[in-house]
Colleague: 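First, the structure itself, so that you have it in front of you.
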Amino acid sequence: MTTAQGLAAIGTIGVLGAGQMGAGIAQVAALAGYQVRLADVSLEHATKGKGGIAKLLTRAVDKGKMSADEREAALERIHPVIGADGLASCDLVVEAATENFELKKRLFADLDRACREGCILATNTSSISITALAAVTKRPELVVGMHFMNPVPVMKLVEIIRGLATTDATYETTIALAQRLGKTTITSKDSPGFIVNRILIPLINEACFALQEGLGSAVDIDTGIKLGLNHPMGPLELADLIGLDTCLAIAEVLHREIGDDKYRAANILRVHVAAGWLGRKTGRGFYDYRK
Ligand code: NAD
């Protein structure tokens with residue numbers, strides 16, 4: 001099958017996990033004209049994900065970036081459903097549930113059972129081995145990493161990761177799909193954190209060490225990196241955007257899998273996660289968003 005045929009065979013995209021990343025992926029897929037099935041643990045969770053998309057699209061209409069008709073048409077293409085079983089009719093699924101290896105292994109086994117033969121199973125994991133997730137399925141050749149950046153509608157990059165068994169056809173179709181969604185791709189080896197998080201998470205973790213050692217306030221650290229290194233966001237505010245639970249989960253994968261203590265997570269990160277201060281999504285992280 002050629003890449004064009006592979007891409008043409010994709011009409012319905014499934015997204016498993018309707019949190020900030022899953023909703024963003026559903027949004028860009030629907031805007032690109034795909035039918036989207038958006039799944040989470042319950043219909044309430046999936047519908048809440050769609051509700052967040054509706055709000056963002058309303059804002060885009062208010063700003064004159066899209067017509068009300070385009071908003072309606074995109075929303076009509078997004079169908080909230082429950083779990084992997086709700087994705088049976090999809091041609092490609094992007095798994096975007098919580099960053100946890102045991103959970104993702106379970107979800108890949110469920111997707112493999114539920115999805116039709118030939119359906120590509122992609123994962124938006126930030127750090128977990130694509131090969132290991134592929135190994136729990138009977139279709140490792142159709143499993144691939146498709147790592148979108150946050151916020152998905154804004155960020156241009158998608159990192160593509162091949163597992164050991166991923167075929168050229170799966171890899172090339174996934175790249176073509178990312179491009180069809182308006183994204184630029186890079187390819188990373190299947191290594192903990194791939195390219196982007198292998199470099200980003202140590203930066204965020206070092207900012208956490210700087211904060212816990214009292215080098216400066218959160219604002220001083222973030223301002224230092226923004227104005228001193230010309231980054232659009234400081235590492236602590238970026239960690240709050242990503243989710244501190246996700247940052248900690250990635251740091252733990254880097255530490256465990258690479259085995260170098262330089263990747264050990266800062267205690268202040270663990271303490272914030274233990275407190276449930278996960279960043280913007282819970283209203284409080286290194287900064288307070290409750291106002
Ligand atoms: P999130 O906490 O916003 O959302 C996770 C979603 O997964 C929730 O809606 C939750 O209900 C759902 N979920 C949990 N268990 C589930 C199950 N058994 N079945 C179906 N859904 C389930 O997290 P997020 O930030 O959207 O991250 C999702 C994935 O994307 C993770 O793998 C993360 O590493 C990756 N990612 C995150 C970012 C980021 O900046 N946050 C960037 C790139 C990739």
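Ligands are counted one by one from 1 in listed order, and the atoms in each one are counted from 1 as well.
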Colleague: Can you tell me if Ala18 has a non-hydrogen atom under 4.0 Å from ligand 1?
Modeller: yes
Colleague: Answer yes or no: does an N/O atom from Thr246 fall short of 3.5 Å to an N/O atom of ligand 1?
Modeller: no
Colleague: If you have a sec, work out which protein heavy atom is nearest atom 43 (C) of ligand 1 and how many Å separate them, to one decimal?
Modeller: Phe148 O, 3.1 Å
Colleague: Return the residue, atom name and 0.1 Å-rounded distance of the protein heavy atom closest to atom 9 (O) of ligand 1.
Modeller: Asp40 OD2, 2.7 Å
Colleague: Check this for me - ligand 1, Asp245, N or O atoms closer than 3.5 angstrom, yes or no?
Modeller: no
Colleague: So which of Gly83, Gly49, Ala97 gets nearest to atom 7 (O) of ligand 1, if we judge by its closest heavy atom?
Modeller: Ala97
Colleague: Please check if the side chain of Asp91 supplies one atom and the backbone of Thr12 the other of a donor-acceptor pair under 3.5 Å.
Modeller: yes
Colleague: Decide, yes or no, whether a salt bridge links Lys281 with Asp245 under the criterion of side-chain N to carboxylate O below 4.0 Å.
Modeller: yes
Colleague: Run the numbers for me: atoms of ligand 1, each under 4.0 Å from some heavy atom of Lys104, listed by number.
Modeller: 31 (C), 32 (O)
Colleague: Look at the side chain of Arg37 and the backbone N and O of Val81, then say whether any donor-acceptor pair between them is shorter than 3.5 Å.
Modeller: no
Colleague: Flag the pair Phe194 / Ile186 as yes when at least one side-chain heavy-atom distance between them is below 4.5 Å, and no otherwise.
Modeller: no
Colleague: Would Met149 count as a contact of ligand 1 if the rule is a heavy atom under 4.0 Å away?
Modeller: no
Colleague: Starting from atom 4 (O) of ligand 1, find the nearest protein heavy-atom neighbour and note its residue, name and distance.
Modeller: Gly19 CA, 3.3 Å
Colleague: Among all protein heavy atoms in this structure, tell me which lies nearest to atom 33 (C) of ligand 1, with the distance rounded to 0.1 Å.
Modeller: Ser126 OG, 3.4 Å
Colleague: Are any of the N/O atoms on His45, whether in the backbone or the side chain, positioned under 3.5 angstrom from an N/O atom of ligand 1?
Modeller: no
Colleague: Does the pair Arg162/Asp168 count as a salt bridge with the N-to-O cut at 4.0 Å?
Modeller: yes
Colleague: Think Lys104 forms a cation-pi with Phe108, using NZ or CZ under 6.0 Å from the six-ring centre and within 45 degrees of its axis?
Modeller: no
Colleague: Any nitrogen or oxygen of Glu95, main chain or side chain, under 3.5 Å from a nitrogen or oxygen of ligand 1?
Modeller: no
Colleague: Pick one of side chain, backbone, both or neither for how Leu241 approaches ligand 1, counting any non-hydrogen atom pair under 4.0 Å.
Modeller: neither
Colleague: How about CG on Asn230, more than 12 heavy atoms from neighbouring residues, nucleotides or ligands closer than 6.0 Å, or not?
Modeller: no
Colleague: As an exercise, identify every atom of ligand 1 less than 4.0 angstrom from a heavy atom of Asn150.
Modeller: 39 (C), 40 (O), 41 (N)
Colleague: Could you list which atoms of ligand 1 come closer than 4.0 Å to a heavy atom of Ala96?
Modeller: 28 (C), 29 (C)
Colleague: How about Leu56: does its CG atom have over 12 heavy atoms from other parts shown lying under 6.0 Å from it?
Modeller: yes
Colleague: What orientation do Phe286 and His272 show, parallel under 30°, tilted 30 to 60°, or perpendicular over 60°?
Modeller: tilted
Colleague: Tell me the nearest of Thr98, Val158, Val15 to atom 5 (C) of ligand 1, using heavy-atom distances.
Modeller: Thr98
Colleague: Using a 4.0 Å heavy-atom cut-off, which part of Ile128 comes near ligand 1: side chain, backbone, both, or neither?
Modeller: neither
Colleague: Among all protein heavy atoms, pick out the one at the shortest distance from atom 27 (O) of ligand 1; state its residue, atom name and that distance to 0.1 Å.
Modeller: Met21 CG, 3.9 Å
Colleague: Ignoring hydrogens and geometry, is there a side-chain-to-backbone donor-acceptor pair from Thr3 to Glu172 under 3.5 Å?
Modeller: no
Colleague: Could you say whether the N/O atoms of Arg106 and ligand 1 ever approach to under 3.5 Å?
Modeller: no
Colleague: Linking I/L/V/M/F/W/Y whenever any side-chain heavy atoms sit under 4.5 Å apart, do Leu229 and Leu238 land together?
Modeller: no
Colleague: Which protein non-hydrogen atom lies closest to atom 32 (O) of ligand 1, naming both residue and atom, and how far is it?
Modeller: Glu99 OE1, 2.5 Å
Colleague: With side chains defined as the heavy atoms from C-beta onward, is the minimum distance between Glu252 and Glu99 less than 4.5 Å?
Modeller: no
Colleague: Taking only heavy atoms of Thr125, which atoms of ligand 1 are found under 4.0 Å from at least one of them?
Modeller: 32 (O)
Colleague: For Gln5, is the CD atom crowded, meaning more than 12 foreign heavy atoms sit under 6.0 Å from it?
Modeller: yes
Colleague: By number and element, which atoms of ligand 1 are closer than 4.0 Å to a non-hydrogen atom of His147?
Modeller: 43 (C), 44 (C)
Colleague: Which protein non-hydrogen atom lies closest to atom 41 (N) of ligand 1, naming both residue and atom, and how far is it?
Modeller: Ile242 O, 2.8 Å
Colleague: Tell me which protein heavy atom sits closest to atom 1 (P) of ligand 1, plus the residue, atom name and distance to 0.1 Å.
Modeller: Lys281 NZ, 3.8 Å
Colleague: Are Asp110 and Arg113 close enough for a salt bridge, meaning some N to O gap below 4.0 Å?
Modeller: yes
